[in-house]
Protein chains: 4
Amino acid sequence: MPDKPPAARRGRPLDLDARRRCLELAAGALQERGYAGLTMNELARQAGVSKKSLYTWWPNKAAIVVEALVAMAEMPPLPDLGNTEAELRALFAIIRRTASTSELPLAVTALNDPASRTAVSRTYIERLVGARRELSRALVQRGVDRGDLPAGTDIDTLLDMWNGLAAYRLLRGVALPDHVVDQLIVMALNGNVPLLP
Amino acid sequence: MPDKPPAARRGRPLDLDARRRCLELAAGALQERGYAGLTMNELARQAGVSKKSLYTWWPNKAAIVVEALVAMAEMPPLPDLGNTEAELRALFAIIRRTASTSELPLAVTALNDPASRTAVSRTYIERLVGARRELSRALVQRGVDRGDLPAGTDIDTLLDMWNGLAAYRLLRGVALPDHVVDQLIVMALNGNVPLLP
Amino acid sequence: MPDKPPAARRGRPLDLDARRRCLELAAGALQERGYAGLTMNELARQAGVSKKSLYTWWPNKAAIVVEALVAMAEMPPLPDLGNTEAELRALFAIIRRTASTSELPLAVTALNDPASRTAVSRTYIERLVGARRELSRALVQRGVDRGDLPAGTDIDTLLDMWNGLAAYRLLRGVALPDHVVDQLIVMALNGNVPLLP
Amino acid sequence: MPDKPPAARRGRPLDLDARRRCLELAAGALQERGYAGLTMNELARQAGVSKKSLYTWWPNKAAIVVEALVAMAEMPPLPDLGNTEAELRALFAIIRRTASTSELPLAVTALNDPASRTAVSRTYIERLVGARRELSRALVQRGVDRGDLPAGTDIDTLLDMWNGLAAYRLLRGVALPDHVVDQLIVMALNGNVPLLP
DNA sequence: CTGTAACCGAGACGGTACGTCTTGTCTTCAG
DNA sequence: CTGAAGACAAGACGTACCGTCTCGGTTACAG
């Protein structure tokens, strides 16, 4: 008997539909009213779900928030445009869009909620930042492979710098103008990027 | 007599001493126990101050936190070492130290507390981020004046990029290794910096 | 099946035990420390109950106080002694005891607390004063039935007069001497009582 | 030197006008909004007086309230109508009016305010109840002197009973109907009153 | 006519109760 | 066994009020 149905489950099955509904409602509330503006009571009520279930599915509020953010952060793979400059431009579009949502402040707030200490481990952050990171890294790697970027480019540092710049500007409430983006791309294509040691 | 003192205040004067005491206690509690770990009840009790006074001086908890962070962010002017590379190295030391304290998460949390929306205006952020910014800008400007950095250097973008990189790494829980700092300094001294349009 | 049990309650049931515990603690605190000396914070703490629960069960402090007083005011039915004079004497013993406790001032204070205006309705007073009234009325009625008191005796007015006399004396800080009680009883047995119109 | 002018006062004299203004405002607020509805802050503001002055003139809130009630309780001497029944009827008019104001509940509340324990002594009650008592007693005494009431009438008990009846009815929220008043007067004129021992 | 002593309005302050809110747990009943 | 309904403990938040205090200014009598 190669593989029996996973565990011969008994009783009422998990309501995966309701679970997803919660994440969507949470995502909406987070963007509209922020971290503190999302309350578990209301989330349960609106999702037609019991608080018991919420706390069965996630250990605490911070965990729901992080998972909702992870879901929001999902993005389609960046297509190979055959042109490194065009691809970098597409990458910056995503960086700016991400920074313009309040995703980062929300993540910081969730991760500094004392409740999260117990259960929301670093793995969540890995998933949150990491989700996009892999795709972004692949894009930059293509530039390196094409020879448009230096062979030893420190891709992670480069991406952290670009994302960090956008995020920091967001914190300051200042926009990231086009000409800055243009310049960063030109600099990169000219080989002015951090290199691996 | 051109203008007499503003309004000849009546009534008992503000107890500025107690006000400052609150900020110091708040700063300590924030570093030790985080945003949620600081409670107004205890702060009032420890400072020997009534809650009424707290809420007279600041509109809500977030406002106290931001002001305490502003006070924490004050730093001595960066001395002129006569050597741009040494100065940049000193600047990065501060950037790393700042990113490794909990200051940034606290600020983000406070500024995203819905209570702060009403009263804690953008000016607080200006003060918070701006306090250090002026000093950092002056340091970089000295490098430009000495001719060690390009004449048209976009100092703000450069600083946002460096600070953002450090902060983003902090969020990811990854350290910023020395060789990366070395490389960024070398790049800057080679003139590879964003320029004003 | 004409009507099934009202709604087949769902969710955790009310903790009636804790509710009763609160009333008892409140009664004790009222007698020892008065209306202002009873605080909701402490009551919650001592009863091992959350403030939320207190305010779920009662709309405000005054409501708890009134209900505690109602519980205190409960008294055993006055036994039929077969002798009207002896029964009236027993009634006066209760009247005096009631007037000498702090029950009346507490009730007046609670019912004049502006918080009570909204929620503590007249029904509370009915219950508070009415609890004892029924028993007292029954006692006097027995005297009427025996023919020891006039047939048309206005029992309510008679009881209000006697209770009012004792209460008024309490307010003035003057005792109600035995001979006055004796005389009132004699007057009543001689038929000198207010009559229904 | 038999008696020198009291103390040869120096400095600014007491502002008796403002003091009286406070009492009037307090009386109004008490009747409209009750004991807790009268706040010292507002009283000071409305009277154009500083809180400092309020607490110079009276030791605490209860003291102001009691003094305001005493002022409210003042009544013109009851004229000799030459007719005991008419006079008793006038007396009952006053008793009813007094009971219909919330004077008694207010007095009870004030005297049970823990703050009053220190400073508002029994003498205040004497003044409050006593002010009217003397006048009422004189009126009843005239009836005794005329021979319309028994020689040994216990006037104090009689008045406490009548006042207490009206007050108790007020507490119960029930009116005192005319026919009851008529009957009490008839009973008294028939000699059915408590007698001194 | 000037000094000085007592008074005054304004209002900030310490202390503390009130009533509301939210998180995370627990209990019951229904599917 | 899972899920909805919702009561519960704990405790923070922001508001209100009392009685005290400190300030600068005002009014009277004294020299």
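Chain A is the first sequence line, chain B the second, and so forth, proteins listed ahead of strands; every chain is numbered from 1.
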What is the distance from [atom1] of [X] to [atom2] of [N], rounded to the nearest Å?
{"X": "A:L54", "N": "F:dA5", "atom1": "CG", "atom2": "P", "value": "12 Å"}
{"X": "A:R19", "N": "F:dG3", "atom1": "CZ", "atom2": "P", "value": "11 Å"}
{"X": "D:Y35", "N": "F:dC17", "atom1": "OH", "atom2": "P", "value": "14 Å"}
{"X": "D:L43", "N": "F:dA16", "atom1": "CG", "atom2": "C1'", "value": "17 Å"}
{"X": "A:D17", "N": "F:dT2", "atom1": "CG", "atom2": "P", "value": "18 Å"}
{"X": "B:R12", "N": "E:dG9", "atom1": "CZ", "atom2": "P", "value": "19 Å"}
{"X": "A:R33", "N": "E:dT22", "atom1": "CZ", "atom2": "C1'", "value": "14 Å"}
{"X": "C:L16", "N": "E:dT28", "atom1": "CG", "atom2": "P", "value": "13 Å"}

Does [N] have OP1 or OP2 sitting under 4.0 Å from an N or O in the side chain of [X]?
{"X": "D:W57", "N": "E:dC8", "result": "yes"}
{"X": "D:Y55", "N": "F:dT20", "result": "no"}
{"X": "D:W58", "N": "F:dG19", "result": "no"}

C:W57 side chain near C:I64 side chain, heavy-atom distance below 4.5 Å: no

Listed nucleotide nearest any side-chain atom of A:N60, set F:dT22, E:dG24, E:dT27: E:dG24

Donor-acceptor side-chain pairing of D:Y35 and D:D113 below 3.5 angstrom: yes

D:S53 and D:T56 side chains, donor-acceptor separation under 3.5 Å: no

C:R19 and C:E67 ion-paired at < 4.0 Å: yes

Under 3.5 Å donor-acceptor, A:K51 side chain and A:L43 backbone: no

Grab the N/O contacts between the protein and nucleotides 10-12 of chain F below 3.5 Å, and write none if there aren't any.
none

All side-chain hydrogen bond (donor to acceptor under 3.5 Å, both in side chains) counterparts of B:R20, not counting sequence neighbours: B:D17

Residue closer to the 5' end of DNA chain E, B:A18 versus D:A18 (nearest nucleotide): D:A18

Closest-nucleotide ordering on DNA chain F, the 5'-leading residue of B:E42 and C:S53: C:S53

Nearest heavy-atom neighbours spanning C:M40 and C:N60: CE-C, 4.4 Å

